[in-house]
*Asks:* 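Quick one: structure below, then a few questions.
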Number of protein chains: 2
Amino acid sequence: MTPRRTRPTINQVAEAAGVTKSSVSRAFTRPEMLSEETVRKIFAAAEELGYVPNQTARALSTGKHGNIALIVPDVANPFFPPLIRAAQSEADRSDYCVFLGNSDEKPMQEDKLIARFGGQVEGFLLVSSRLSDEQIVNHAARRPVVLINRDVEGIPRVLIDSATGVAEAVRHLASLGHRKLVYVAGPQGSWSNKQRRAAVRRSARQLGIEVVHIANEYPAFESGRRIVPSVLASGATAAIAFDDVTAQGMLAELLARGISVPEQLSVVGCDDVLGATTYPSLTSVSNRSVEAGRTALTLLVDILSNQAIRDVRYVLSTTVVIRSTTGAAVAMARP
Amino acid sequence: MTPRRTRPTINQVAEAAGVTKSSVSRAFTRPEMLSEETVRKIFAAAEELGYVPNQTARALSTGKHGNIALIVPDVANPFFPPLIRAAQSEADRSDYCVFLGNSDEKPMQEDKLIARFGGQVEGFLLVSSRLSDEQIVNHAARRPVVLINRDVEGIPRVLIDSATGVAEAVRHLASLGHRKLVYVAGPQGSWSNKQRRAAVRRSARQLGIEVVHIANEYPAFESGRRIVPSVLASGATAAIAFDDVTAQGMLAELLARGISVPEQLSVVGCDDVLGATTYPSLTSVSNRSVEAGRTALTLLVDILSNQAIRDVRYVLSTTVVIRSTTGAAVAMARP
DNA sequence: CTGTTAGCGCGTTCAA
DNA sequence: TTGAACGCGCTAACAG
């Protein structure tokens, strides 16, 4: 038997079961309102016809679509896939479908996506949003928004506190004798970048270490390679990069230039997305993106069902994971 | 001014513009049917109220939802994110929203996702589907389906032909003096796996090389590490892995065991997702997933607008990318 | 417990 | 070129 192209409607089921649409509707939403006998009849008829409730029609009358939008700056950046995966499987548990959006690190694109999805989702999960606080607050006024790695007062948010891990990393470098280090930055609009940068500065000052800041808009392997000359020119003996991918690019370029790590330069990454897969294996700040994704999605689902718009601020702290790219500072001439 | 919670409807715009709903509807779908003057008035009113057509209501009456579902086995596997990204941005160009589904390599989960999305999408893009041919044909009978890396007669599909690249890789190894190699397999249900395995065998036979097949269900870094003992035990001098991630795991384990690559064992990956980021940099079969994603999505959109269900079979060929994990075969005792 | 009656917001005939 | 009326498939009062 070949499957029909047009799906059976609630009316056909009603007729087949000898009841009205209302009863069929109830059988699928609140069966406890019906007699067991009726429910049985209806399900039998539905099964027979291969009836499945029409989500769209249901959404039109209830306003609930059962969809959630998940927007990230760059799907291809290894930081996001595990997070996406975690959020997905959590959404799955609550029978939500998730739209995925890729903003390409561009606020305008992100805004456009939110508008496009707006009509058919109940809430948004914005990861590392590049939007302004004002824009975020505005969207949140229309429908529930949960943020990951973005700290906006009044909006439920899950933050991966890389500051703790970064501080540990700086202390680790200090204990190895480093007195001057560079911070290779990430995207301007990134909350994580501001946080990491501040953490590096603060810890360094406390330990009497000098910090050089090097800008680098797009966090990627290639930009990591390109930034190496500036790092070398700075005269620092260690570098902390915005993320693992950037650090990996640096590692490759350093290797290509015959500069040995960590003997001549120590390198630290962030987010630990590469694990021990680089060579030398990368010292990094731990990653909690999976928990962040899971937590944020649970939070969103929670808000959607309780409609209690709480101001939650969930913080996940991090630590430094020491591997093989950090070592003793090179001997330097004293002034 | 604070944004309203409830969006303006077509009726409010109609009233504000001094026309009926019909005209407003037409202004947004077929403006050429209206006088310029009326269209102008309507748009002005819409703009003023911040009116945006309700996708759901529109979908209910037209049957077009403007959504596409993209299902992959594992978002976190680096092969997929670039493909997803490419498909996304292509969908974006045609104003489609995309649902992302993660099947966890499980046919049942994939089926469940298809059912869940079914009600609100116009078509499916199934990547490396783990479903049976029969299941796929069945779904395709209900609504348009485009396949990536899955070859089912009658279903539009985009195939990355890794066979050409794998054959090149085998010849490359042969020219380096290898006489016995192992193929570290991928998921059973994977079309790519079958294709690669067959290509290895065929090329090897032609060149008089012996092949050992080693099963390995889940393609991941850890399983790559675990498989190393078997590889070593086989006595082969070279290994071709199902994908780069598996190969990377092998590399790490080999390094940990003090076995040097390629001096003692040559390793080849597939899909080239890691680029030159491993150490030693991995020889691999080229990756065309971005083109595959873009092409497949264009194809789907095309089918959706032309409703001409053509039997397309788009093949992208590959080559071997030689880097540093392949070298001369180790000297072996002659029998 | 079950049927009846209204919409949800929009597209689309059919007339005018 | 525009308007009036109906229907998409389902849920939600309101009766009974």
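Each chain gets a letter, A, B and so on, in the order the sequences are listed, and its residues count up from 1.
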*Asks:* What is the distance, to the nearest angstrom, from the CD atom on B:Glu32 to the P atom on D:dT2?
*Replies:*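 Rounded to whole Å, this separation is 13 Å.
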
*Asks:* Given atom CD of B:Glu15 and atom C1' of C:dG9, what is their separation to the nearest angstrom?
*Replies:* 16 Å

*Asks:* Counting any heavy atom closer than 4.0 Å, what does B:Leu34 reach on the DNA or RNA strands: base, sugar-phosphate only, or nothing?
*Replies:* sugar-phosphate

*Asks:* Quick one: on DNA chain D, does B:Lys21 or B:Gly18 contact a more 5' nucleotide (nearest heavy atom)?
*Replies:* B:Gly18

*Asks:* Could you name each residue pair satisfying salt bridge (charged side-chain N to carboxylate O under 4.0 Å, His left out) that touches residues 78-87 of chain B, not counting sequence neighbours?
*Replies:*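 Counting only pairs at least two positions apart or across chains, the salt bridge (charged side-chain N to carboxylate O under 4.0 Å, His left out) contacts touching residues 78-87 of chain B are A:Asp74-B:Arg85, A:Asp104-B:Arg85.
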
*Asks:* Report the residue (B:Ser61 or B:Met33) whose heavy-atom-nearest nucleotide on DNA chain D is the more 5′ of the two.
*Replies:* B:Met33

*Asks:* Are A:Phe43 and A:Tyr51, when compared by the centres of their aromatic rings, separated by less than 6.0 Å?
*Replies:*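 Between A:Phe43 and A:Tyr51, the centre distance exceeds or equals 6.0 Å.
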
*Asks:* More than 12 heavy atoms of other residues, nucleotides or ligands under 6.0 Å from CD of B:Glu47: is that the case?
*Replies:* no

*Asks:* Could you check whether A:Glu105 pairs with A:Arg130 (Lys NZ or Arg NE/NH1/NH2 to Asp/Glu carboxylate O, under 4.0 Å)?
*Replies:*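 Yes, this pair counts.
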
*Asks:* For B:Thr62, which contact category applies under a 4.0 Å heavy-atom criterion: base, sugar-phosphate, or nothing?
*Replies:*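 Sugar-phosphate contact only.
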
*Asks:* Measure from the side chain of B:Ile10, starting at C-beta and using heavy atoms only, and say which of C:dG3, D:dC10, C:dG9 lies closest.
*Replies:*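 Minimum distance to the B:Ile10 side chain belongs to C:dG9.
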
*Asks:* Would you please test A:Ile148 and A:Arg157 for side-chain contact (heavy atoms from CB on, under 4.5 Å) and show each step?
*Replies:* CA-CA 6 Å; A:Ile148 287 185; A:Arg157 50 212 188 276; over 6 Å; no

*Asks:* For B:Arg58 and C:dC8, give me the distance from atom CZ to atom P, rounded to whole Å.
*Replies:*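 Taking CZ of B:Arg58 and P of C:dC8, I get 18 Å after rounding.
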
*Asks:* Roughly, in whole Å, what's the span from CG in B:Leu60 to C1' in D:dG7?
*Replies:* 9 Å

*Asks:* Taking OP1 and OP2 of D:dT2, is either one under 4.0 Å from a side-chain nitrogen or oxygen of B:Thr38?
*Replies:*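 Answer yes for this pair, as a side-chain N or O of B:Thr38 is under 4.0 Å from OP1 or OP2.
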
*Asks:* To the nearest Å, how far apart are B:Arg7 CZ and C:dC10 C1'?
*Replies:* 12 Å

*Asks:* Pull out every residue in residues 22-31 of chain B that has a heavy atom closer than 4.0 Å to any atom of DNA chain D, ordered by number, or say none.
*Replies:* B:Ser22, B:Ser23, B:Arg26

*Asks:* Atom CD of B:Gln12 and atom P of C:dC10: how far apart are they, to the nearest Å?
*Replies:* 9 Å

*Asks:* Students often get this wrong, so: under 4.0 angstrom with heavy atoms, is B:Thr56 touching a base, only sugar-phosphate, or nothing?
*Replies:* nothing

*Asks:* Does OH belonging to A:Tyr314 count more than 12 external heavy atoms closer than 6.0 Å?
*Replies:*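 Result for OH/A:Tyr314: open.
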
*Asks:* Can we call the ring centroids of A:Phe124 and A:Phe99 under 6.0 Å apart?
*Replies:*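 Between A:Phe124 and A:Phe99, the centre distance exceeds or equals 6.0 Å.
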
*Asks:* Using whole Å, report how far CG of A:Asn11 lies from P of D:dC10.
*Replies:*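 Rounded to whole Å, this separation is 8 Å.
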
*Asks:* Heavy-atom nearest nucleotide on DNA chain C for A:Val19 versus A:Ala57: which residue maps closer to 5'?
*Replies:*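 The residue closer to the strand's 5' end, by nearest nucleotide, is A:Val19.
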
